[in-house]
Amino acid sequence: MRFIGNKENLVKNMYSILRSKNIYGEIFCDFFAGTANVGKFFKGLNYKIYSSDILYFSYCLQYAYIKNNTIPRFDKLLDYLNIKNNYLFSDSNLELILEYLNNIDSFEGFIYNNYTIGGTENKEYKRMYFSDENGKKIDAIRIEIEKWKNYSLINDNEYFILIASLIESVSFFSNVSGVYAAFQKKWDKRALKPFILKPINLIFNEKENEVFFGNSINIIKNIKTDILYLDPPYNERQYAPNYHILETIARYDNPIIKGISGMRDYRNQKSSFCNKKTALIDLEFIINNADYKYCILSYNNEGIMEKENIISIMSKVGKVDLIEFDYLKFKSNSNNNKKFIKEQLYILSI
Ligand SMILES: C[S@@+](CC[C@H](N)C(=O)[O-])C[C@H]1O[C@@H](n2cnc3c(N)ncnc32)[C@H](O)[C@@H]1O
């Protein structure tokens, strides 16, 4: 999915760097998980994963990708819906359920009423985050999933797999240039296509992986890990306002919203890593209070914490290596618009 700082394209490189330095282990902790892509990669290598984020929609992704270790069968639900259960290939049962959801009647709910032209035409702020039809589809699907959960027709794994499929799919139909702090004033082609829910690709390992929703700084003390991976925000831009609609779809809690972007309150989801002073204080707290063999920090040369300060904090507790490599920041066809930043990997060995 489109997410600032998504490490999907970097995680393999990061892994080969760790291997070249003989860094291995059995437990991996990803406490700024975002899309959960880093945890997914290490889960695939059979590490036991601890994962956490301050955003609830990230927790939904983590639950589906990291905690879940079973193929969802949806037995009870298929029975209730009178859909023939595919006993031989139960992984395709998810597809049967998504097909059902893709065909349910649209509904004018919170997303339609607040984030589409049709739903906001008589309101103070007119918003065009989704086409009218897609807004209604997202509402109908989200409400149906919650109903199934309340009727105990699906278990927690099945519930979060459906929510994660919805969150991942919504990104492909949103009229935004990347983040949800603003909608585009003209329709992007992607937003005009009819909404289709697609299944997520599940991964399995043989471990009891654990996922958390909350401020990682409060949880970190209870974790013992081999590799502690930190990928905090790099600058002042908070994540919660930039992804507020995904948060609302995941929670579906009818929040009070404000302004032209229809922002929900995010005061208790502000990250201390978006402020130069508090970022260093909390980095030091984590480095000193967590129980790990290696701590790996992803950062870049434009981040608000300075290299010297990071190294100074880390070198009080162990040996620090800094690896830097070029990474293309803005993708563009024109060479003039290409901008490389230095992606950094701080490796602290205790
Ligand atoms: C750079 S992104 C991580 C990207 C992630 N590695 C990926 O591949 O998608 C930073 C993440 O840290 C989360 N975050 C910021 N402060 C946090 C905190 N104190 N506790 C937990 N998560 C936090 C943000 O919500 C965001 O998802």
Side-chain angles (χ1 to χ4, degrees), residues 1-8 10 29-39 50-63 66 167 171 176 178-182 211-223 225 228-251 253 255 257-259 261 263-290 292 295-307 309-310 313-314 329 341 343-346 348:
M1 74 187 277
R2 294 191 289 172
F3 191 75
I4 299 171
N6 184 348
K7 296 295 177 298
E8 191 172 12
L10 284 174
C29 178
D30 180 18
F31 261 20
F32 296 84
T35 57
N37 277 328
V38 177
Y50 290 107
S51 168
S52 156
D53 201 281
I54 207 162
L55 300 174
Y56 180 72
F57 80 85
S58 165
Y59 173 74
C60 298
L61 299 174
Q62 293 167 54
Y63 204 110
I66 307 294
I167 296 296
S171 288
V176 297
V179 296
Y180 293 78
V211 299
F212 306 93
F213 162 48
N215 188 335
S216 294
I217 292 144
N218 302 331
I219 312 168
I220 209 113
K221 272 188 174 172
N222 309 324
I223 305 295
T225 180
L228 171 62
Y229 176 63
L230 306 176
D231 187 16
Y234 297 178
N235 55 34
E236 286 90 356
R237 276 219 291 186
Q238 291 285 347
Y239 275 75
N242 278 308
Y243 296 96
H244 65 107
I245 296 189
L246 297 184
E247 189 72 1
T248 294
I249 293 174
R251 295 179 187 233
D253 54 353
I257 58 172
K258 284 195 186 140
S261 60
M263 188 76 71
R264 59 183 295 133
D265 184 5
Y266 62 92
R267 273 172 297 184
N268 58 4
Q269 287 180 296
K270 281 192 178 166
S271 176
S272 58
F273 283 89
C274 297
N275 170 294
K276 194 174 178 160
K277 217 166 135 197
T278 51
L280 281 169
I281 293 172
D282 278 349
L283 177 68
E284 185 155 28
F285 178 87
I286 294 174
I287 299 289
N288 290 338
N289 287 282
Y292 54 90
C295 173
I296 317 295
L297 170 72
S298 276
Y299 216 58
N300 73 30
N301 63 331
E302 294 184 341
I304 56 178
M305 294 190 285
E306 276 147 19
K307 194 195 282 188
N309 293 333
I310 297 175
I313 286 174
M314 288 186 157
K329 189 175 178 188
I341 48 167
E343 193 65 36
Q344 302 172 320
L345 220 50
Y346 293 82
L348 166 62

message: Contact between Leu230 and Cys295 at the side-chain level, heavy atoms closer than 4.5 Å - yes or no?
response: yes

task: Mind checking side chain to side chain donor-acceptor pair (under 3.5 Å) for Asn300 and listing every partner two or more places apart, or none if nothing turns up?
output: none

query: Taking only residues two or more places apart in sequence or in another chain, which ones pass side-chain contact (heavy atoms from CB on, under 4.5 Å) with Asn289?
result: Lys221, Phe285

query: Sequence neighbours excluded, which residues qualify as side-chain contact (heavy atoms from CB on, under 4.5 Å) partners of Ser261?
result: Tyr129, His244, Met263

- request: Starting at CG of Asn288, measure out to CG of Leu283 and round the result to the nearest 0.5 Å.
  value: 9.0 Å

- request: Quick one: list whatever passes side chain to side chain donor-acceptor pair (under 3.5 Å) with Thr225, sequence neighbours left out.
  value: none

message: Is the shortest side-chain heavy-atom distance between Phe32 and Val38 below 4.5 Å?
response: no

message: Just verifying a value: how many Å separate Ile287 CD1 and Leu228 CG, rounded to the nearest 0.5 Å?
response: 7.0 Å

message: Per the salt bridge (charged side-chain N to carboxylate O under 4.0 Å, His left out) rule, what does the pair list look like for residues 231-250, sequence neighbours excluded?
response: Lys7-Asp231, Glu247-Arg251

field: Non-hydrogen atoms of Ile66 and Ala36 that approach each other most closely
entry: CD1-O, 4.0 Å

task: Taking side-chain contact (heavy atoms from CB on, under 4.5 Å) as the test, write out the residues that go with Leu280, two or more places apart.
output: Met305, Asn309, Ile313

- prompt: Going by the angle between their ring planes, with limits at 30° and 60°, are Tyr234 and Tyr299 parallel, tilted or perpendicular?
  reply: tilted

- line: Taking every heavy atom of Glu8 against every heavy atom of Asn37, the minimum-distance pair comes out as CB-ND2, 3.6 Å

query: With sequence neighbours left out, what residues match Glu343 under salt bridge (charged side-chain N to carboxylate O under 4.0 Å, His left out)?
result: none

Residue pair Asp53 / Tyr59, side-chain heavy-atom distance below 4.5 Å: no

statement: For Ser51 and Gln62 the tightest heavy-atom approach is OG-OE1, 2.7 Å

query: Do Leu345 and Ser298 pass the side chain to side chain contact (heavy atoms under 4.5 Å, CB included) test, and can you show the C-alpha distance, the side-chain angles, and the key distance before you say yes or no?
result: CA-CA 5 Å; Leu345 220 50; Ser298 276; 3.5 Å; yes

task: Provide the closest heavy-atom pair for Ile54 versus Gln269 in the form atom of the first, atom of the second, distance.
output: O-NE2, 2.9 Å

- prompt: If you look at every heavy atom in Ile220 and Ala290, which pair is closest and at what distance?
  reply: CG1-CB, 3.8 Å

message: Do Ile217 and Phe273 make a side-chain contact, defined as non-hydrogen atoms from C-beta onward lying under 4.5 Å apart?
response: yes

statement: Contacts of Lys258 meeting side chain to side chain donor-acceptor pair (under 3.5 Å) (sequence neighbours excluded), chain-then-number -> none

task: With sequence neighbours excluded, tell me which residues meet side chain to side chain donor-acceptor pair (under 3.5 Å) with Tyr239.
output: none

task: Verify side chain to side chain contact (heavy atoms under 4.5 Å, CB included) between Phe213 and Tyr63, making sure each step is shown before the conclusion.
output: CA-CA 10 Å; Phe213 162 48; Tyr63 204 110; over 6 Å; no

- line: Contacts of Lys270 meeting salt bridge (charged side-chain N to carboxylate O under 4.0 Å, His left out) (sequence neighbours excluded), chain-then-number -> none

message: For a 4.5 angstrom cut-off between non-hydrogen side-chain atoms, does Glu306 reach Lys276?
response: yes

statement: Note: Ser58 and Gly34 closest approach over all heavy atoms is OG-O, 2.8 Å

message: Holding to ring pair (Phe, Tyr, Trp, His ring centres under 6.0 Å), I want the full list of residues that pass it with Tyr50, two or more places apart in sequence or in another chain.
response: none

query: side-chain contact (heavy atoms from CB on, under 4.5 Å) with Ser216: which residues, sequence neighbours excluded?
result: Phe31, Ser52

statement: Separation between CE (Met314) and CG (Leu297), nearest 0.5 Å, reads 4.5 Å

message: Quick check for you: to the nearest 0.5 Å, what is the distance between Leu246 atom CG and Leu55 atom CG?
response: 9.5 Å

message: Run Phe212 and Ile223 through side chain to side chain contact (heavy atoms under 4.5 Å, CB included) and show every step you take.
response: CA-CA 12 Å; Phe212 306 93; Ile223 305 295; 4.1 Å; yes

task: Would you sort out whether Tyr180 and Ser171 count as a side chain to side chain contact (heavy atoms under 4.5 Å, CB included), showing the intermediate values?
output: CA-CA 10 Å; Tyr180 293 78; Ser171 288; 4.1 Å; yes

